[in-house]
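Heads up, the thing below is written out as C-alpha cells.
When a ligand or atom number is given, it counts from 1 through the structure's own listing order.
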Amino acid sequence: MNVADTERAATGLRNAGYELTASAEAADVVLFNTCSVRERAEQKVFTRIGEVRHQAQHSGKRGKPLIGVMGCVAQLEGDAIFQNTPAVDLIIGTRATDRIPSLIERARGGEADVIDLGERQEGEFWEVSPAERRSPYVAFVPIIEGCNKFCSFCIVPYSRGREKSRSALEIVAEVQRLRSFGYKEVHLIGQNVNSYRPLSPEGLERYAGATAFSRLLRAVADTGMQRIKFTTSFPRDFHPDIVAALEECPNLCDWIHLPVQSGSNRILKAMRRGHSTDDYLRRVDAIRGSKRRLSLTSDIIVGFPGESEDDFEDTMRLVRACEYDGLFIFKYSKRTGTPAAMLADAVPEGEKTARFLALEELQSSLQNKIYNDYTGRTVSVLVERESARSSEDMTGHSTCHKVVNFRSQQTAPGEIVDVLISQAKPYSLYGELMSGRAA
Ligand code: SAM
C-alpha cells in the first residue's frame, strides 16, 4: 500500500513539473512516506530525517531542502511532528496524496508548518503513470482503502480512515490499460480486499458472484491480464465463492493471504477479530478443498497482552493444522490510541522473543516440507531480474507467490517461463528452465 501511495505521489509531482531524484542530497524537497503499524517503523522515519538534515548541513549546498512527512505517521501525529522535529516543514496526511504539489508550493512560498490531514476530494485521480511504477511488469492496483474492522491491536483504522471502495469500472479500465502497456501481473491491494463494496455495481453487471469482491475478481480476470493476485483478505469476509472464482479463471493466481493473528479463541476475542479459530479453519478447509492447489500464507502476532503459554500453544497447534506456505510473524507492538494499548498484562519482551523464535522454527520445518514437495514439479514464473547471488541466475515469483531462481539461459525480465523445480531452499525454490519456455 505504501509503495502504491508513493507511486501516486510521484505521478502527481511529475504532472506538476517536478523531477524526481534518487538521492536526498540532490533534492530540493525530500518526502518521507511512513508506516505506523509497529513502533519500530515509526521510529525509523525520525532517525532518517535526522540523517538527511545532517547531510544537508554538511553538503555545502545552498539552502536546506524542504522536508515533508506523508503517510500514516503524518496522519496520526499531525502537528506534534513540527514541535518534536523542527526540521520538518510539511505534514501530508494519508488522504492528501493528490494535494502534495500545492502543499509544497505553499511551503516554498514561505508558509511555515504546512499541514493537510483532510479527506479525499471527489473525483480524485487514482491513476499512476507507468513511469512512476516500481516495476514495468508487476503493478499494484488499489481497490479499497481504509479499514472498518477496528482490531484492538491495530492502528490502521485511525491512520487510514474508513473503508472506501473504488469503482469497478475504474479498476477494470486501469487493468486493461496496464495490459496494453505490457504489464504481466497486477496485485489488487487493500487492507481488506474482500470487504470490497463499491457505491454502485457499475462495471460488475455482467459478472456473477456471491459478493462484490468475487464479481470483481471475475471482471478483472476477463480483461485477459495474465496474472492477477490480491492481498490482504480478511477472514470474516472470506466467502468460498472466492475459491470458486479461482477455479473458474486460471489467470487468478493460486495464492491467498489470510491473516489469522492467533490460534487462541480467548486472544482472538480480545483482539476483536470477529472470528473464532473454527470460523477460520472452515475458510482454510474451503481453500484446501479446492480443485487447484492454492498456496496459503498468514500473519500472526505473538505476545498480545495476556497471551498465556496455553494461548501460545493453541497458536502453534493452529499453525500445524494450517500448513502455511509462508508466515509473517510479528511481536506485539503497543500502538497508542488503540484499545489494546490500555490492556494490562503485557508479555515480557524476552518471552515475546522466545515465542517468536519457537513459532519461526515450527514454521520453517513445516515450510521445508511444503517447499520440498515442489521438487519435480513445474511452476510458471514471471522473470523479474538477475539474481543477487549469481549473475548466471534469474529470479522471479511463481503464480503461488514463491521466489523462484533458475539458470537464466538468456531469459529477460518480463518473460513468463516454465521452471522445473530441482531444489527447495528455506525461502525459495531453485530450478531449470523448461524447453519451450512460455507458460
Ligand atoms: N488488514 C489486514 C488484517 O488485519 O487482516 C492486515 C493489515 S496490517 C497492516 C499487517 C499485519 O501487521 C497484521 O496482519 C498484523 O499481523 C501486523 N500488526 C498490525 N498491528 C500490529 C501491532 N500492533 N503489533 C504487531 N503486529 C501488528
Between [X] and [Y], do the side chains contain an N or O donor and an N or O acceptor separated by less than 3.5 Å?
| X | Y | result |
| --- | --- | --- |
| Ser290 | Glu247 | yes |
| Ser365 | Asn368 | no |
| Asn405 | Thr395 | yes |
| Ser195 | Asp237 | yes |

Item to check | Member of Tyr196, Phe238, Phe230 meeting the ring pair (Phe, Tyr, Trp, His ring centres under 6.0 Å) criterion with Phe213 | outcome: Phe230
Any idea which atoms of ligand 1 are less than 4.0 Å away from a heavy-atom of [X]?
| X | result |
| --- | --- |
| Gln261 | 4 (O), 13 (C), 14 (O), 15 (C), 16 (O) |
| Phe234 | 5 (O) |
| Arg335 | 23 (N) |
| Asn192 | 1 (N) |

Checklist entry - Are Lys352 and Glu349 close enough for a salt bridge, meaning some N to O gap below 4.0 Å? => result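 Judged by the 4.0 Å cut-off on N to carboxylate O distance, Lys352 and Glu349 do form a salt bridge.
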Checklist outcome for this item: Restricting to heavy atoms, the pick from Ser298, Ser333, Cys35 nearest atom 24 (N) of ligand 1 would be Ser333
What's the shortest distance from [atom] to any protein heavy atom, and which residue and atom give it?
| atom | value |
| --- | --- |
| atom 25 (C) of ligand 1 | Lys331 O, 3.4 Å |
| atom 27 (C) of ligand 1 | Ile301 CD1, 3.6 Å |
| atom 18 (N) of ligand 1 | Val37 CG1, 3.6 Å |
| atom 26 (N) of ligand 1 | Phe330 CB, 3.5 Å |
| atom 20 (N) of ligand 1 | Phe153 CD1, 3.3 Å |
| atom 1 (N) of ligand 1 | Gln191 O, 3.0 Å |

Next on the checklist: With a cutoff of 4.0 Å, is Lys334 in contact with ligand 1, counting heavy atoms of the residue only?
Outcome noted: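 Lys334 does not count as a contact of ligand 1 under the 4.0 Å cut-off.
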Checklist entry - Of all the heavy atoms in Arg273, does at least one lie under 4.0 Å from an atom in ligand 1? => result yes
Checklist entry - Hey, is CD on Glu313 packed in by over 12 heavy atoms from elsewhere, all under 6.0 Å? => result yes
Purely on distance, is any nitrogen or oxygen of [X] under 3.5 Å from one on ligand 1?
| X | answer |
| --- | --- |
| Thr232 | no |
| Ser233 | no |
| Asp299 | yes |

Item to check | Validation row: Arg133, Leu178 side chains within 4.5 angstrom (heavy atoms) | outcome: yes
Next on the checklist: Can you classify the ring geometry of Trp255 versus His257 as parallel (below 30°), tilted (30 to 60°) or perpendicular (above 60°)?
Outcome noted: tilted
Checklist entry - Under a 4.0 Å heavy-atom limit, does Ile155 contact ligand 1 with its side chain, its backbone, both, or neither? => result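 The answer is neither.
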Checklist entry - How does Lys149 reach ligand 1, if at all, at less than 4.0 Å between non-hydrogen atoms: by side chain, backbone, both, or neither? => result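 It is neither; nothing of Lys149 touches ligand 1.
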Item to check | Six-ring centre of Tyr280, Arg283 cation under 6.0 angstrom, axis tolerance 45° | outcome: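 So Arg283 doesn't make the cation-pi contact.
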Next on the checklist: Quick one: does any side-chain atom of Asp222 pair with a main-chain N or O of Arg218 as donor and acceptor, under 3.5 Å?
Outcome noted: no
